[in-house]
Protein chains: 4
Amino acid sequence: MILSLDPHSEVPIYQQIRDRVVEAVAAGELVAGSPLPSTRQLATDLGINFHTVNKSYDLLRSEGLLVLNRRSGALVQRDPGTGPPAAGFTEQWRTRLRTLLAEAVAQGVDGPAALDACAATLASFALPAPLAPPAQSAQPAQSAPAQGETR
Amino acid sequence: MILSLDPHSEVPIYQQIRDRVVEAVAAGELVAGSPLPSTRQLATDLGINFHTVNKSYDLLRSEGLLVLNRRSGALVQRDPGTGPPAAGFTEQWRTRLRTLLAEAVAQGVDGPAALDACAATLASFALPAPLAPPAQSAQPAQSAPAQGETR
Amino acid sequence: MILSLDPHSEVPIYQQIRDRVVEAVAAGELVAGSPLPSTRQLATDLGINFHTVNKSYDLLRSEGLLVLNRRSGALVQRDPGTGPPAAGFTEQWRTRLRTLLAEAVAQGVDGPAALDACAATLASFALPAPLAPPAQSAQPAQSAPAQGETR
Amino acid sequence: MILSLDPHSEVPIYQQIRDRVVEAVAAGELVAGSPLPSTRQLATDLGINFHTVNKSYDLLRSEGLLVLNRRSGALVQRDPGTGPPAAGFTEQWRTRLRTLLAEAVAQGVDGPAALDACAATLASFALPAPLAPPAQSAQPAQSAPAQGETR
DNA sequence: GTGGTCTAGACCACC
DNA sequence: GTGGTCTAGACCACA
């Protein structure tokens with residue numbers, strides 16, 4: 001679990017951590033049962049306050065992606081494509097998607113180009129194969145990770 | 001220009017206003033030259049302080065979507081699909097897109113469904129649809145220069 | 001970071017602050033990573049309202065010169081001569097330059113004298129000069145992509 | 001005297017008029033004694049309020065570029081390169097020049113390129129020849145006038 | 001402690 | 001009438 005933060009980003013650190021975990025789950029790099037580092041461990045690794053990591057994990061738990069307990073630490077709970085999205089999630093997600101796409105269109109990205117970007121990103125999630133089969137992944141990870149979140 | 005806000009939302013009011021305007025521009029409901037209500041007018045209509053509207057308009061101006069002056073009030077400056085996405089815009093937009101799509105995938109939306117959502121949203125922008133006849137135009141895609149802003 | 005304002009000037013206070021910062025960046029007194037005083041700190045130092053400083057910093061951020069966040073405060077983002085002048089910047093800058101030079105010529109400054117003034121000012125930016133030794137560097141000339149054009 | 005305004009510019013109309021006149025004087029298109037249209041005439045030509053033109057002329061008069069009287073209307077008073085700049089002009093002009101150049105440098109324009117721009121602009125003022133001698137002017141008038149002023 | 005948001009009221013510049 | 005500037009005070013989110 002490599003996790004790089006941008007300390008100068010406008011995106012809160014706890015949000016950046018959360019975003020990276022979500023992306024790792026979507027990409028299949030983290031699957032149900034995968035352990036995450038302890039809050040204190042990750043905090044020292046990243047050179048940040050452990051309360052911040054705590055907040056990230058708590059957020060992920062509230063989104064149903066993590067289970068936390070004293071014994072086993074933090075474990076990923078969901079796999080990509082598993083189960084139905086929680087009630088109400090889809091609507092608010094679509095709203096945010098609409099805003100994000102509108103932004104691109106308004107700035108001059110044309111429709112097909114925007115759709116291509118969506119397809120490419122989704123494709124990068126589709127065939128992850130963490131470390132089980134040989135994995136014939138065509139174009140796995142986008143480069144340039146930074147300051148995510150749609151706000 | 002109907003514009004509804006959620007006063008309880010996490011997202012700041014000025015941001016919500018900005019988002020609605022961006023969507024309206026993307027959807028072609030607002031085109032270059034379209035006037036927006038005056039800051040004070042919109043503020044009273046929405047029951048908020050005029051400084052908040054001011055901030056929205058200022059943000060939109062910095063994104064190159066609005067021109068403001070004391071004579072003609074606030075006017076939309078860009079058309080959807082017009083001009084090049086300003087340098088640097090595309091990268092940070094893709095990062096945000098990746099995070100947003102990851103969120104859906106992680107929550108159990110499968111790839112094709114997510115892509116459908118993107119396509120549907122983009123299609124809803126493709127139609128000009130101010131209130132003229134249906135018009136089957138596939139995609140606008142002007143050429144034209146511009147003068148964006150990376151923010 | 002000494003910063004003197006003229007409260008009786010026509011130019012808004014927030015604009016004066018912004019101008020001083022821009023000049024300091026151009027002169028190399030502020031480089032990427034340099035911290036600026038906190039908004040409230042600078043406000044009390046200058047005897048003005050913190051919202052006014054806020055607006056200055058916000059403007060500088062929108063110009064890509066500053067990054068702001070709750071952790072590290074305000075940090076300079078660009079170095080002089082670094083990166084490309086954003087699309088559209090050069091044209092509107094040239095227009096303003098033309099007006100300013102015309103003003104001098106119309107007031108009786110002759111061409112060579114005006115050009116000398118430009119050269120002298122630019123030379124004063126060329127020296128890094130934070131407060132290290134004199135350093136006889138003639139001109140820095142970073143990478144800087146094209147954009148020449150005499151029109 | 002063609003004089004095009006941008007009604008959507010952020011620059012006040014009276015300022016735009018003033019800027020165009022200053023540039024015409026610098027370029028030698030207007031010389032001492034040249035008449036300007038009457039305020040009412042110019043106002044109707046431009047489709048604006050005559051008070052606005054009045055303000056422009058008044059500003060130009062206060063800058064010593066125009067003389068106004070009831071009989072002869074508005075007459076240009078100065079030639080480019082004529083006489084010394086009024087006391088105090090040079091200092092405040094240099095301040096504005098410094099700010100303008102700093103802006104370019106901070107945005108990534110390198111020193112030589114900026115100086116070239118200055119030289120080119122000044123050269124365009126140098127050889128005007130309004131309509132007296134045959135005029136061998138190589139490149140008299142810039143095109144694209146718009147939204148001037150250094151603020 | 002930092003920056004960010006929202007409210008509020010005053011005054012100014014422009015047209 | 002419009003937008004713009006400045007002041008002021010309150011509260012929140014982040015670290």
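Just so it is clear, the structure is predicted and the values come from calculations on it, not from any experiment. Heavy-atom basis, side chains included; hydrogens, waters and symmetry copies ignored. Numbers restart at 1 for each chain; the letters A, B, ... are given by sequence-line order, proteins then strands.
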**Student:** Asp45(D): what forms a salt bridge (charged side-chain N to carboxylate O under 4.0 Å, His left out) with it, not counting sequence neighbours?
**Tutor:** none

**Student:** Would you mind telling me which residue lines up with the more 5' stretch of DNA chain F, Arg71(C) or Ser38(B), judged by nearest nucleotide?
**Tutor:**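 Looking at DNA chain F, the more 5' nearest nucleotide goes with Ser38(B).
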
**Student:** Roughly how many Å is it from CG in Asn69(B) to P in dC15(E), rounded to a whole number?
**Tutor:**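 Nearest whole value for this atom pair: 8 Å.
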
**Student:** Using whole Å, report how far CZ of Arg70(B) lies from C1' of dC12(E).
**Tutor:** 8 Å

**Student:** Return one dot-bracket line describing DNA chain F 5' to 3' (Watson-Crick or G-U wobble pairs, both distances under 3.5 Å; ( ) same strand, [ ] crossing, | another strand, . none).
**Tutor:** ||||||||||||||.

**Student:** Residues in side-chain hydrogen bond (donor to acceptor under 3.5 Å, both in side chains) with Asn54(B), at least two apart?
**Tutor:** none

**Student:** Just checking Asn49(A): base, sugar-phosphate only, or nothing, at a heavy-atom cut-off of under 4.0 Å?
**Tutor:**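 The answer is nothing, as Asn49(A) stays clear of every strand by at least 4.0 Å.
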
**Student:** So which pairs with a foot in residues 46-60 of chain A pass salt bridge (Lys or Arg N to Asp or Glu O under 4.0 Å), sequence neighbours left out?
**Tutor:**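 Of all non-adjacent pairs touching residues 46-60 of chain A, those that pass salt bridge (Lys or Arg N to Asp or Glu O under 4.0 Å) are Asp58(A)-Arg61(A).
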
**Student:** Would you indicate, yes or no, if dC15(E) has its OP1 or OP2 atom less than 4.0 angstrom from a side-chain nitrogen or oxygen of Tyr14(D)?
**Tutor:**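 Result: no.
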
**Student:** Counting neighbours of CD on Glu10(B) that are heavy atoms of other residues, nucleotides or ligands and sit closer than 6.0 Å, is the number greater than 12?
**Tutor:** no

**Student:** Between atom CG in Asp58(D) and atom C1' in dA13(E), what is the gap in whole Å?
**Tutor:** 16 Å

**Student:** According to side-chain contact (heavy atoms from CB on, under 4.5 Å), who are the partners of Thr52(D), at least two apart in sequence or on a separate chain?
**Tutor:**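 By the side-chain contact (heavy atoms from CB on, under 4.5 Å) rule, Thr52(D) matches Ile13(D), Tyr14(D), Ile48(D), Asn49(D).
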
**Student:** Does His51(C) reach a base, just sugar-phosphate, or nothing at all? Heavy atoms under 4.0 Å.
**Tutor:**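 Base, at least one base heavy atom under 4.0 Å.
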
**Student:** Checking all strands, does Ile48(A) fall into the base, sugar-phosphate, or nothing category for heavy-atom contacts under 4.0 angstrom?
**Tutor:** nothing

**Student:** Which sits closer to the 5' end of DNA chain E, Phe50(C) or Gln41(C), going by the nucleotide each is nearest to?
**Tutor:** Gln41(C)

**Student:** With a 4.0 angstrom cut-off to heavy atoms of chain C, pull out the first and last contacting nucleotide of DNA chain F, in 5'-to-3' order.
**Tutor:** dT5(F) to dA15(F)

**Student:** Determine whether a donor-acceptor pair (N or O, by modelled atom type, separation under 3.5 Å) exists between the side chain of Glu23(D) and the backbone of Arg98(C).
**Tutor:** no

**Student:** List in chain and number order the residues that pass side-chain hydrogen bond (donor to acceptor under 3.5 Å, both in side chains) with Arg40(C), two or more places apart in sequence or in another chain; answer none if no residue qualifies.
**Tutor:**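 Here no residue qualifies.
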
**Student:** Under the side-chain hydrogen bond (donor to acceptor under 3.5 Å, both in side chains) test, which residues partner Ser9(B), sequence neighbours left out?
**Tutor:** none

**Student:** Using heavy-atom distances to pick each residue's nearest nucleotide on DNA chain F, tell me which of Gly73(B) and Thr52(C) is more 5'.
**Tutor:**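 Comparing both residues, the 5'-ward one is Gly73(B).
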
**Student:** Under the rule for side-chain hydrogen bond (donor to acceptor under 3.5 Å, both in side chains), what residues qualify as partners of Asp6(C), not counting sequence neighbours?
**Tutor:** none

**Student:** Starting at atom CD of Glu10(C), determine the distance to atom P of dA13(E), rounded to an integer number of angstrom.
**Tutor:**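 Answer to the nearest Å: 7 Å.
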
**Student:** Assign Tyr57(C) to base, sugar-phosphate, or nothing according to its heavy-atom contacts below 4.0 angstrom with the strands shown.
**Tutor:** nothing

**Student:** With nearest nucleotides of DNA chain E determined for Ile13(D) and Ser72(C) from heavy-atom distances, which residue corresponds to the more 5′ nucleotide?
**Tutor:** Ser72(C)

